[in-house]
Number of protein chains: 2
Amino acid sequence: MEEHPADPRMMRLEAQLCFALHAASRALDGVYRRELRDLGLTYPQYLVMLVLWERQPLSVKELGAALRLDSGTLSPLLKRLEAAGLVARGRSTADERSVLVRPTADGAALRARAALVPERILAATGLQAGEIAQLRQVLGRVTATLDAGLPAAAPLG
Amino acid sequence: MEEHPADPRMMRLEAQLCFALHAASRALDGVYRRELRDLGLTYPQYLVMLVLWERQPLSVKELGAALRLDSGTLSPLLKRLEAAGLVARGRSTADERSVLVRPTADGAALRARAALVPERILAATGLQAGEIAQLRQVLGRVTATLDAGLPAAAPLG
DNA sequence: GACAATTTAGTTGTGCACAATGTAGTTTGC
DNA sequence: GCAAACTACATTGTGCACAACTAAATTGTC
């Protein structure tokens, strides 16, 4: 197990970290898929409902800002939620450009049925509370840094 | 610190962690998208090439095991890489069920052009070496636990 | 008031991901 | 030796994600 900081190791490090992130995201997606099947929701749809359960109504733009998604993803997703009878959409009277989204009665009722999901997911990760907080913090920082675009310079040497 | 089924703190914690993981994965994907555009590769295609540059030839099954992907994802992806002239596919003579994949000359040559990608990506994350190793370790453990399926540890009672 | 620039959603096209199913090659049971 | 079971891939269908573009409404400027 000699860890010698040689040149080609960087490729392995990058591949391992980025693959680990990608794979963890897909694995989590799979757990949500099984957990949300009974509710008729996908994970991204569940995220939308989570936001709408907390704050309502929201425009597509506000939802996009909260979930870091653009209209190309949200428009069809919201149409599917509307077709399922879980949300209602309507143009804002104040600004006809905006589409306001809010849960229907069925959509609001789904909140109770989804109440047990969080703890089941957290349990499935097998993480301790401290690890969860730390992981969330690091991932949030990485996302912010990646979104910020170009970093000044690589701190090599 | 009582854990109640519908504890709003737990819902927020789950939402924050899982969303952070999802968002970080997409943010990383975006950085790779910009970084790999010149090479004509997507991030999953880059992952495939990374594996093939190290070990060759590999069957679709072996690639799937390495990347945690099934044939429904890999088959069209490999067809695109083949259409781009970066890999060659052919049935194994030993077992006609297996399809062996290997880089073409162009695919092998791409390795040199991709040599600078890893350090650029690592720099873009803004993480220290220690953080990277720790993050990779935690994510790997989470993925393994999630894939294990059943609720690993039930700390109830 | 007219018109250019901006904002907000929606549409189209490409690609990833997975479930479910189909198909051909291989191995096993008898 | 042959049918059943298994294996490796491919295909189909659904949904997410984003880039690029379009359409409609609003705002700013004159």
Side-chain angles (χ1 to χ4, degrees), chain A residues 18-19 21-34 36-37 40-48 57-65 67-84 89-101 143 146-147, chain B residues 18-19 21-34 36-37 40-48 57-65 67-84 89-101 143 146-147:
Chain A
C18 299
F19 171 71
L21 187 52
H22 201 69
S25 177
R26 283 186 292 123
L28 182 67
D29 210 77
V31 173
Y32 270 112
R33 194 189 310 271
R34 290 187 283 280
L36 295 173
R37 182 153 36 200
L41 292 176
T42 66
Y43 176 47
Q45 289 168 6
Y46 169 71
L47 288 179
V48 167
L58 287 178
S59 69
V60 175
K61 177 184 175 62
E62 290 169 323
L63 273 172
L67 299 176
R68 198 188 171 284
L69 292 171
D70 67 1
S71 68
T73 299
L74 281 174
S75 285
L77 188 156
L78 292 171
K79 282 180 81 168
R80 281 186 287 272
L81 284 178
E82 187 180 38
R89 294 186 304 157
R91 293 279 169 183
S92 164
T93 54
D95 187 338
E96 288 280 341
R97 293 172 304 179
S98 293
V99 168
L100 297 182
V101 185
T143 302
L146 291 174
D147 279 343
Chain B
C18 299
F19 172 70
L21 187 53
H22 201 68
S25 178
R26 284 185 292 124
L28 182 68
D29 210 78
V31 173
Y32 270 112
R33 194 188 310 271
R34 291 188 281 281
L36 295 174
R37 182 153 35 201
L41 292 176
T42 65
Y43 175 46
Q45 289 168 6
Y46 168 72
L47 288 179
V48 167
L58 287 177
S59 68
V60 175
K61 177 183 175 65
E62 289 168 324
L63 273 172
L67 299 176
R68 199 189 172 282
L69 292 171
D70 66 1
S71 69
T73 299
L74 281 175
S75 285
L77 188 156
L78 292 172
K79 282 182 82 169
R80 281 186 288 271
L81 284 179
E82 187 180 39
R89 294 186 305 158
R91 294 277 169 185
S92 164
T93 53
D95 186 339
E96 289 280 341
R97 294 172 304 178
S98 291
V99 170
L100 297 181
V101 186
T143 302
L146 291 174
D147 279 343

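So you know, we letter chains A, B, ... as the sequences are listed, proteins then strands, and number each from 1. Small disclaimer: the values here were computed from a predicted structure and weren't measured.
Summarising the geometry, the separation between NZ on B:Lys61 and C1' on C:dT26 is reported as 14 Å, rounded to the nearest angstrom. Whole-Å rounding puts the B:Asp70 CG to D:dT14 C1' distance at 14 Å. With rounding to whole Å, B:Arg34 atom CZ is found 14 Å from D:dA17 atom C1'. In this structure, A:Tyr46 places its OH atom 20 Å from P of D:dG15, rounding to the nearest Å. Rounded to a whole Å, the CZ atom of A:Arg37 is 12 Å from the C1' atom of C:dA20. If you take CD of A:Gln45 and C1' of C:dA17, they are 15 Å apart, rounded to a whole angstrom.
Dashed line: the shortest gap from a side-chain N or O of B:Arg89 to OP1 or OP2 of D:dA10 is under 4.0 Å. In this model, the phosphate group of D:dC18 is not approached by any side-chain N or O of B:Arg33 to a distance below 4.0 Å at OP1 or OP2. Regarding contacts with the backbone of D:dC18, a side-chain N or O of A:Arg68 is found under 4.0 angstrom from either OP1 or OP2. Note on B:Ser98: every side-chain N or O is 4.0 Å or more away from OP1 and OP2 of C:dG25. Phosphate contact (OP1/OP2 of D:dA10, side-chain N/O of B:Ser75, threshold under 4.0 Å): present.
Using a 4.0 Å heavy-atom distance criterion, A:Ser71 is classed as a base contact. Residue A:Leu74 is classed as having no contact, given no heavy-atom separation below 4.0 Å to the nucleic acid. Contact annotation for A:Asp29: no contact, since no heavy-atom pair falls under 4.0 Å across all strands. B:Thr42 comes within contact range of the sugar-phosphate backbone alone, with a heavy-atom separation under 4.0 Å but no base atom that close.
Classification of A:Arg91 and A:Glu96 as a salt-bridged pair fails, no side-chain N sitting under 4.0 Å from a carboxylate O.
For B:Val99, the listed nucleotide lying nearest its side chain is D:dC9; candidates were D:dC9, D:dT11, D:dA17. Considering only the side chain of B:Lys79, D:dT11 comes nearest among D:dA17, D:dT11, C:dA9. Distances from the side chain of A:Arg26 to the nucleotides C:dG25, C:dA17, D:dA17 place C:dA17 closest. Ranking D:dA25, C:dT26, C:dC18 by closeness to the B:Glu96 side chain, first place goes to C:dT26.
You'll find the side chain of A:Val99 stays beyond 4.5 Å of the side chain of A:Ser92, heavy atoms only. Using a 4.5 Å cut-off on side-chain heavy atoms (C-beta onward), B:Leu78 and B:Arg89 make contact.
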Residues B:Val48, B:Leu81; criterion side-chain contact (heavy atoms from CB on, under 4.5 Å); working and verdict: CA-CA 9 Å; B:Val48 167; B:Leu81 284 179; 3.8 Å; yes
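A:Tyr43 contributes no side-chain N or O that, together with a main-chain N or O of A:Val31, makes up a donor-acceptor pair within less than 3.5 Å.
Summary of the strand contacts: A:Ala94 and A:Tyr43 both lie near DNA chain D, and taking for each the nucleotide with the nearest heavy atom, the more 5' one is attributed to A:Tyr43.
Side chain A:Arg97 to base D:dT26: no donor-acceptor pair is found below 3.5 Å.
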